[in-house]
Each structure stands twice: as structure tokens, then as C-alpha cells.
Amino acid sequence: MPAIALISAIAVVAFQRFVEWRFGTMGIVGLLFLTIGLKARNHTCSSIGAVILTLVFAGPAL
């Protein structure tokens, strides 16, 4: 069981590093808001995170 926890922790950290490398600090902030909002079932917080991520992804197209 501890091996599964270690592997999942490494996967989460690797995903965060990839998002930060690819989309910068605002990508991490958007992902953080979205994750916290989904876990807390707070629609406002998750909506803010989704909007931030959408703006980060669509930024070069605008």
C-alpha cells in the first residue's frame, strides 16, 4: 500500500511540474482553484479555476 501512495504522489508532482513548465504560474493557480473547488464542492472556486485554465489555454489564440 505505501508503494501505491508513493507512486501517486510522484505522479501528482510530475503533473504539476509539467503544467507549470507548459502553462506557467497561472496554470498552476488555475489547476489549484479547480482542484480545491471540486474537492470542497464549491462551484465558485471551481468555476474560477476553469476560467483561468481556459484563458491560459486560449491565450495564444486571442
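As the structure is a prediction and not an experimental result, all values here were calculated from the model.
- Leu31 and Met26 fall within a single hydrophobic cluster, where Ile, Leu, Val, Met, Phe, Trp and Tyr are joined by side-chain heavy atoms under 4.5 Å apart, directly or via other members.
- When hydrophobic clusters are built by joining Ile, Leu, Val, Met, Phe, Trp and Tyr residues whose side-chain heavy atoms come closer than 4.5 Å, directly or via intermediates, Leu55 is not grouped with Leu32.
- By the criterion of side-chain heavy atoms lying less than 4.5 angstrom apart, applied directly or through intervening Ile, Leu, Val, Met, Phe, Trp or Tyr residues, Val56 is not grouped with Ile36; the two fall into different hydrophobic clusters.
- Between Gly49 and Phe33, the shortest heavy-atom contact is CA-CB, 3.6 Å.
- Under the 4.5 Å side-chain heavy-atom criterion for grouping Ile, Leu, Val, Met, Phe, Trp and Tyr, Leu34 is connected to Ile48 within one hydrophobic cluster.
- Put simply, Leu38 and Leu53 are part of the same group of oily side chains (I, L, V, M, F, W, Y) that touch within less than 4.5 Å, one to the next.
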